[in-house]
Amino acid sequence: MKKGLLIILSGPSGVGKGTVRQELFKDESLNLAYSISMTTRKPRPTEKEGIDYFFVSEEEFKEKIEKGELLEYAQFVGNYYGTPQFYVDQLLSEGKNVVLEIEVQGALQVMAKCPHALTIFLVPPSLEELERRIRGRRTEEESIVQERLAKARKEIATKDEYKYVVENDDVVAAKEKIAKIIKENL
Ligand SMILES: Nc1nc2c(ncn2[C@@H]2O[C@H](COP(=O)(O)OP(=O)(O)O)[C@@H](O)[C@H]2O)c(=O)[nH]1
Ligand SMILES: Nc1ncnc2c1ncn2[C@@H]1O[C@H](COP(=O)(O)OP(=O)(O)O)[C@@H](O)[C@H]1O
């Protein structure tokens, strides 16, 4: 069976990665699978263990690093995030196109290991709109919002490391642009 495509979707916090991803996953013709990450961040009220993330302690996370079980990992605004290698390998060998929704430092690690990965960076229409979205979500307290916005400016400055930069102006339009890119790269 043909191995699936590895797809990295990055972009600043609040740009709409999760929202656009959900739209992409409705399109069965793309044959997508989501790589569920591991994190030390506390779950948000709507998040579910083993669906949005595997929520672990810092001790458990460090154990995974030591055992070499993560494809990549990074620290992001006070928490660790990483991709379990095992599921990615399994899904790719099943022919699935696997989506990693990860931040920039981790994406750079994957680009170095897997040069054929399809890399997409989602940008907001403006920084003001990004701020509106992240605040509108009401998931982070003010000090964390500020840190995430500062991080966002730095992350957007690295967008040219990615093969494709897509603006998330409208969710359906962004989904269509990404679906087209994926199909061109299959
Ligand atoms: N390197 C890396 N980044 C991740 C991983 N999982 C999530 N992230 C990124 O970590 C950042 C923070 O994620 P999160 O706290 O869920 O906030 P949100 O993206 O604003 O909903 C985002 O840029 C995610 O894409 C991972 O496994 N590895
Ligand atoms: N194109 C868009 N236009 C307006 N609001 C959006 C758009 N895409 C996402 N949003 C909203 O912005 C907020 C952040 O989206 P989310 O998917 O959680 O971002 P991320 O996963 O990148 O942190 C959510 O409240 C979401 O409904």
Side-chain angles (χ1 to χ4, degrees), residues 6-25 34-56 60-61 64-65 69-88 91 98-114 117 119-141 143-156 158-159 161-162 166-178:
L6 187 60
I7 303 165
I8 300 177
L9 180 62
S10 293
S13 181
V15 69
K17 299 178 296 299
T19 308
V20 172
R21 188 229 314 155
Q22 281 183 5
E23 202 60 36
L24 277 167
F25 272 71
Y34 182 56
S35 158
I36 302 164
S37 293
M38 195 163 278
T39 185
T40 61
R41 174 169 69 63
K42 296 278 163 290
R44 295 171 183 152
T46 57
E47 288 178 329
K48 298 217 161 38
E49 165 70 17
I51 292 179
D52 299 287
Y53 281 108
F54 296 109
F55 295 98
V56 297
E60 287 170 289
F61 196 98
K64 298 286 176 191
I65 300 174
E69 291 179 16
L70 301 179
L71 168 61
E72 59 72 37
Y73 70 93
Q75 271 184 296
F76 182 92
V77 191
N79 288 296
Y80 282 99
Y81 296 82
T83 304
Q85 174 97 53
F86 178 79
Y87 295 106
V88 173
L91 292 165
V98 179
V99 176
L100 306 185
E101 197 181 300
I102 63 178
E103 53 68 69
V104 172
Q105 301 164 72
L108 293 172
Q109 295 167 40
V110 181
M111 288 177 205
K113 286 188 188 172
C114 318
T119 59
I120 302 168
F121 193 93
L122 211 54
V123 289
S126 66
L127 284 173
E128 292 72 28
E129 173 61 13
L130 180 69
E131 189 162 348
R132 265 194 293 281
R133 287 184 192 172
I134 195 170
R135 285 189 199 288
R137 197 172 61 188
R138 299 177 179 278
T139 50
E140 268 76 32
E141 59 182 69
S143 63
I144 303 287
V145 167
Q146 291 298 340
E147 282 188 70
R148 283 179 174 240
L149 286 170
K151 183 88 172 175
R153 286 185 204 100
K154 291 187 188 150
E155 291 201 313
I156 292 170
T158 69
K159 67 183 191 312
E161 300 289 333
Y162 291 73
V166 172
E167 187 176 298
N168 177 20
D169 38 10
D170 168 82
V171 178
V172 174
K175 178 262 163 184
E176 288 301 333
K177 286 182 263 186
I178 295 175

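Counting convention: from 1, in listed order, for ligands and their atoms alike.
Between the K113 side chain and the L71 main chain, a donor and an acceptor come within less than 3.5 Å of each other. S37 contributes no side-chain N or O that, together with a main-chain N or O of Y81, makes up a donor-acceptor pair within less than 3.5 Å. Side chain of R133 to main chain of V15: a donor-acceptor pair is present (N/O by atom type, distance under 3.5 Å, no hydrogens or angles). Remark: the backbone N or O of Q75 is paired with a side-chain donor or acceptor of Q105 at under 3.5 angstrom.
Listed by chain and number, S13, G14, K17, S37, R41, R44, Y53, E72, A74, F76, Y81, G82, T83, E101, I102, E103, G106, R137, R148 each place a non-hydrogen atom less than 4.0 angstrom from ligand 1.
Looking at residues two or more places apart in sequence or on another chain, you find no ring pair (Phe, Tyr, Trp, His ring centres under 6.0 Å) involving F86. Partners of Y34 by ring pair (Phe, Tyr, Trp, His ring centres under 6.0 Å), not counting sequence neighbours: none found.
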Do any nitrogen or oxygen atoms of ligand 2 lie under 3.5 Å from a protein nitrogen or oxygen, and which ones?
from: ligand 2; atom 1: 1 (N); to: N168; atom 2: OD1; distance (Å): 2.9
from: ligand 2; atom 1: 1 (N); to: D169; atom 2: O; distance (Å): 3.1
from: ligand 2; atom 1: 1 (N); to: V171; atom 2: N; distance (Å): 3.4
from: ligand 2; atom 1: 3 (N); to: R133; atom 2: NH2; distance (Å): 3.2
from: ligand 2; atom 1: 8 (N); to: N168; atom 2: ND2; distance (Å): 3.1
from: ligand 2; atom 1: 17 (O); to: G18; atom 2: N; distance (Å): 3.4
from: ligand 2; atom 1: 17 (O); to: T19; atom 2: N; distance (Å): 2.9
from: ligand 2; atom 1: 17 (O); to: T19; atom 2: OG1; distance (Å): 2.5
from: ligand 2; atom 1: 18 (O); to: R137; atom 2: NH1; distance (Å): 2.9
from: ligand 2; atom 1: 19 (O); to: G16; atom 2: N; distance (Å): 3.1
from: ligand 2; atom 1: 21 (O); to: G18; atom 2: N; distance (Å): 3.0
from: ligand 2; atom 1: 22 (O); to: V15; atom 2: N; distance (Å): 3.4
from: ligand 2; atom 1: 22 (O); to: G16; atom 2: N; distance (Å): 3.0
from: ligand 2; atom 1: 22 (O); to: K17; atom 2: N; distance (Å): 2.8
from: ligand 2; atom 1: 22 (O); to: K17; atom 2: NZ; distance (Å): 2.8
from: ligand 2; atom 1: 23 (O); to: G14; atom 2: N; distance (Å): 2.8
from: ligand 2; atom 1: 23 (O); to: R137; atom 2: NH1; distance (Å): 2.8

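Using a cut-off of 4.0 Å between Lys/Arg side-chain N and Asp/Glu carboxylate O, R41 and D52 are scored as not salt-bridged.
Two residues are said to be in side-chain contact when any heavy atoms from C-beta on lie closer than 4.5 Å; R148 and I144 meet this criterion.
Ring geometry for F54 against Y87 counts as parallel: the plane angle stays under 30°, on a 0 to 90° scale with 60° as the upper cut.
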